[in-house]
A.B. asks: 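Take this structure, written in structure tokens, and hold onto it; I'll ask about it next.
Naming convention: chains lettered A, B, ... in sequence-line order (proteins, then strands); numbering from 1 in each chain.
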Protein chains: 2
Amino acid sequence: MDPLSALQKFREYFERYVPLTDEEWQALSHYLTVDTLKKKKFYVEAGKVCDHIGLVVKGAVRYYHVKDGEEITGYFSFEDEMLSSYKSFLTRTPAANYIQALEDSVIVNLSHKGLQQACMNELLGFKMERFGRLTAEHYLICYEERITAFITQSPEERYSDLLQTGGEALYRIPQHYIANYLGITPVSLSRIRRRIMKISA
Amino acid sequence: MDPLSALQKFREYFERYVPLTDEEWQALSHYLTVDTLKKKKFYVEAGKVCDHIGLVVKGAVRYYHVKDGEEITGYFSFEDEMLSSYKSFLTRTPAANYIQALEDSVIVNLSHKGLQQACMNELLGFKMERFGRLTAEHYLICYEERITAFITQSPEERYSDLLQTGGEALYRIPQHYIANYLGITPVSLSRIRRRIMKISA
DNA sequence: TCAAAACGTTAACAAAAGATAACGAATTTC
DNA sequence: GAAATTCGTTATCTTTTGTTAACGTTTTGA
């Protein structure tokens, strides 16, 4: 993936929230970098401050925590999704989680400093602020729904729903990561799968 | 609680995120209403669009879903916290949940239309946008942490943590609501409480 | 004020999930 | 291309949770 079409993808993503003039885009793109992240490499590591926010233009990453020496995967970002350890990025405190590339990936990054400068930019400030609000709102809604699922649904229901809504991206993820995502063990997910198989068979 | 000091509380809350001149506050307060919500009355009902966002100035509310005829409590807002059925408010779609007063409450409200007007207001627009972003980010972080707890912790750990961080507000809430909040049944929470009692005794 | 409803706990049993280990298959790595 | 690792499933056993029902207590509301 060449840098120019990567940047173009970022522009398309941004303009889904806030339209830009060519001049504004010119100014904004100044603050962006196009980076590659090889499989298994880290976008963020626990204990370090996450200094950027990015858009996955190609590839996929997983978010995970380490508890009692075990990795627990909590989330994924695929093409056309933002990624960051949001709390760390927003509050400038050390991240509690790792973000690691599941595949060779291409990411368009905006550093914390770059974002600050873009927000102070006469031309861009208002639109950056608006983009930030809409992005935060978007994830707020996603998280709200996920919490609701934890409270109102059984693991089996959560998995069934995920199968319906998850799309093909699901098949790129190892089962035991999905189990973590659902809040259960891999062994338990395997049993749920067998139960569902029998019903639908 | 008189309306003026209720509004003053809203200003203080707002200025924790974005400072205002007296003139700006004058303009903003124009869009606000001070409402009372008697115990058991609804701030929002499932199926209806949530048309406002508010600040709890006095009292407390609970958020709940109804599934298979059962109420499942997912969240609470106490004094000095915002409340809204965010997804419904932001996307103008019917709410999936109820919000009900746990106590007689006083709420400073901003309607969707009021917010829009405030955002278009020459004087206020930028600051409203910024307040919206910071508020969304605040809840984003809260939700992120709650999801992490579901994934990485047992119900017992979640309850222990809640006891430490929850403060006195916890004692105003019936146990079975807390059980729902933790994603378990009231019976299960009762057992967890007994286990913890025995350990600390 | 008094009956009704709501609440928290406990018991008994069923169902589900966690922990651990084993196994072959697939994938990775050198 | 061979050895090592990872992965998904299954089995066994233990622990936890869910379900239902009962009970005394507190709170609510007419």
Side-chain angles (χ1 to χ4, degrees), chain A residues 38-41 59-60 62 64-73 76 100-104 149-160 162-163 166 170-201, chain B residues 38-41 59-60 62 64 66-73 76 98 100-104 149-160 162-163 166 170-201:
Chain A
K38 287 279 179 194
K39 184 171 180 174
K40 302 227 170 167
K41 293 289 181 187
R62 75 174 176 119
Y64 70 89
H65 291 255
V66 174
K67 191 194 180 193
D68 305 329
E70 294 268 303
E71 294 181 4
I72 300 174
T73 299
F76 311 91
Q100 187 188 42
L102 283 167
E103 312 165 355
D104 289 355
F150 274 115
I151 289 170
T152 63
Q153 296 186 303
S154 67
E156 187 159 336
E157 289 171 312
R158 292 204 292 278
Y159 181 62
S160 294
L162 184 63
L163 282 183
L170 269 187
Y171 302 103
R172 288 155 63 183
I173 306 173
Q175 294 295 343
H176 63 286
Y177 292 164
I178 294 176
N180 290 164
Y181 174 83
L182 295 170
I184 59 179
T185 61
V187 177
S188 194
L189 176 57
S190 187
R191 286 190 284 237
I192 286 170
R193 284 161 59 81
R194 185 165 44 143
R195 263 182 267 156
I196 290 176
M197 287 290 217
K198 281 189 180 168
I199 292 166
S200 56
Chain B
K38 287 279 179 193
K39 183 172 180 174
K40 300 227 171 168
K41 293 288 181 189
R62 75 174 174 118
Y64 70 89
V66 174
K67 191 195 178 191
D68 305 330
E70 294 267 303
E71 293 180 5
I72 300 174
T73 298
F76 311 91
Y98 297 82
Q100 186 187 42
L102 283 168
E103 312 165 356
D104 289 354
F150 274 114
I151 289 171
T152 63
Q153 296 187 303
S154 68
E156 186 159 336
E157 288 172 314
R158 292 203 294 278
Y159 181 62
S160 294
L162 184 64
L163 282 182
L170 268 188
Y171 302 102
R172 290 154 63 183
I173 305 173
Q175 293 296 340
H176 64 287
Y177 293 164
I178 294 176
N180 291 164
Y181 174 83
L182 295 170
I184 59 179
T185 61
V187 177
S188 192
L189 177 58
S190 186
R191 286 189 285 235
I192 287 170
R193 282 160 60 81
R194 184 167 44 146
R195 262 181 269 155
I196 290 177
M197 288 287 217
K198 282 190 178 166
I199 291 167
S200 57

A.B. asks: From B:Leu162 CG over to B:Ile173 CD1, what is the distance, rounded to the nearest 0.5 angstrom?
C.D. replies: 8.0 Å

A.B. asks: Once you build an axis from the first five pairs and another from the last five of the helix from C:dT1-D:dA30 to C:dC30-D:dG1, how far apart in angle are they, to 10 degrees?
C.D. replies: 70°

A.B. asks: To the nearest angstrom, how far is B:Glu157 atom CD from D:dT15 atom P?
C.D. replies: 17 Å

A.B. asks: Determine the minimum heavy-atom distance between B:Asp104 and B:Lys39, stating which atoms define it.
C.D. replies: OD1-N, 2.8 Å

A.B. asks: Using the 3.5 Å cut-off, write out each protein N or O paired with an N or O of nucleotides 24-26 of chain C and the distance between them.
C.D. replies:
none

A.B. asks: Distances under 3.5 Å only, N/O to N/O: pair up the protein atoms with those of nucleotides 28-30 of chain D.
C.D. replies:
from, atom 1, to, atom 2, distance (Å)
D:dT28, OP1, B:Lys39, NZ, 3.1

A.B. asks: Check the distance between D:dG8's P and A:Leu170's CG and give it to me in whole angstrom.
C.D. replies: 13 Å

A.B. asks: The criterion is ring-ring contact (aromatic ring centres under 6.0 Å, His included); which residues satisfy it with B:Tyr177, sequence neighbours excluded?
C.D. replies: none

A.B. asks: Show the nearest heavy-atom pair for residues A:His176 and A:Pro186, with the distance to one decimal.
C.D. replies: CB-CG, 3.5 Å

A.B. asks: Round to the nearest Å and state the distance from B:His176 atom NE2 to D:dG18 atom C1'.
C.D. replies: 17 Å

A.B. asks: Might you point out which heavy atoms bring B:Gln153 and A:Lys67 nearest each other, and give the distance in Å?
C.D. replies: CA-NZ, 4.0 Å

A.B. asks: Take atom CZ of A:Arg62 and atom P of D:dT6, then tell me their distance rounded to the nearest Å.
C.D. replies: 12 Å

A.B. asks: State, with a plain yes or no, whether a side-chain heavy atom of A:Arg193 is found less than 4.5 Å away from one of A:Tyr159.
C.D. replies: yes

A.B. asks: How many whole angstroms separate atom CD1 of A:Ile178 from atom P of D:dC7?
C.D. replies: 12 Å

A.B. asks: Take atom CD of A:Glu71 and atom C1' of D:dT5, then tell me their distance rounded to the nearest Å.
C.D. replies: 14 Å

A.B. asks: If you take all heavy atoms of A:Pro174 and A:Arg172, which pair is closest and at what distance?
C.D. replies: CD-O, 3.9 Å

A.B. asks: Heavy atoms under 4.0 Å is the rule here; annotate nucleotides 9-23 of chain C 5' to 3' with B where the base is hit, S where only the sugar-phosphate is, and - elsewhere.
C.D. replies: BBBB----BBBB---

A.B. asks: Calculate, to the nearest 0.5 Å, the distance between atoms CD1 and OG1 belonging to A:Ile72 and B:Thr152 respectively.
C.D. replies: 6.0 Å

A.B. asks: When rounded to the nearest 0.5 angstrom, what distance separates CG in A:Leu170 from CD in A:Gln175?
C.D. replies: 8.5 Å

A.B. asks: Quickly work out the A:Ile196 CD1 to D:dG8 C1' distance and round it to whole Å.
C.D. replies: 15 Å

A.B. asks: At what distance, to the nearest 0.5 angstrom, does CZ of A:Arg158 lie from CZ of A:Phe150?
C.D. replies: 5.0 Å

A.B. asks: Atom pairs, N/O to N/O, protein against nucleotides 2-4 of chain C, distance under 3.5 Å?
C.D. replies:
none

A.B. asks: Within this structure, what is the CD1-OH distance for the pair A:Ile151 and B:Tyr181, rounded to the nearest 0.5 Å?
C.D. replies: 8.0 Å

A.B. asks: Apply side chain to side chain contact (heavy atoms under 4.5 Å, CB included) to the pair B:Ile184 and B:Ile192, showing each step before the final yes or no.
C.D. replies: CA-CA 10 Å; B:Ile184 59 179; B:Ile192 287 170; 3.8 Å; yes

A.B. asks: Please report the closest heavy-atom contact between B:Ile178 and B:Phe76, naming both atoms and the distance.
C.D. replies: N-CZ, 4.5 Å

A.B. asks: What's the CG-P distance between B:Asn180 and D:dG18, to the nearest Å?
C.D. replies: 10 Å

A.B. asks: For B:Asn180 and B:Tyr64, run side chain to side chain contact (heavy atoms under 4.5 Å, CB included): C-alpha distance rounded to whole Å, both residues' side-chain angles, the deciding distance at 0.1 Å, then the answer.
C.D. replies: CA-CA 9 Å; B:Asn180 291 164; B:Tyr64 70 89; over 6 Å; no

A.B. asks: I need the minimum non-hydrogen distance between A:Lys40 and A:Gln100, along with the two atoms involved.
C.D. replies: O-NE2, 3.1 Å

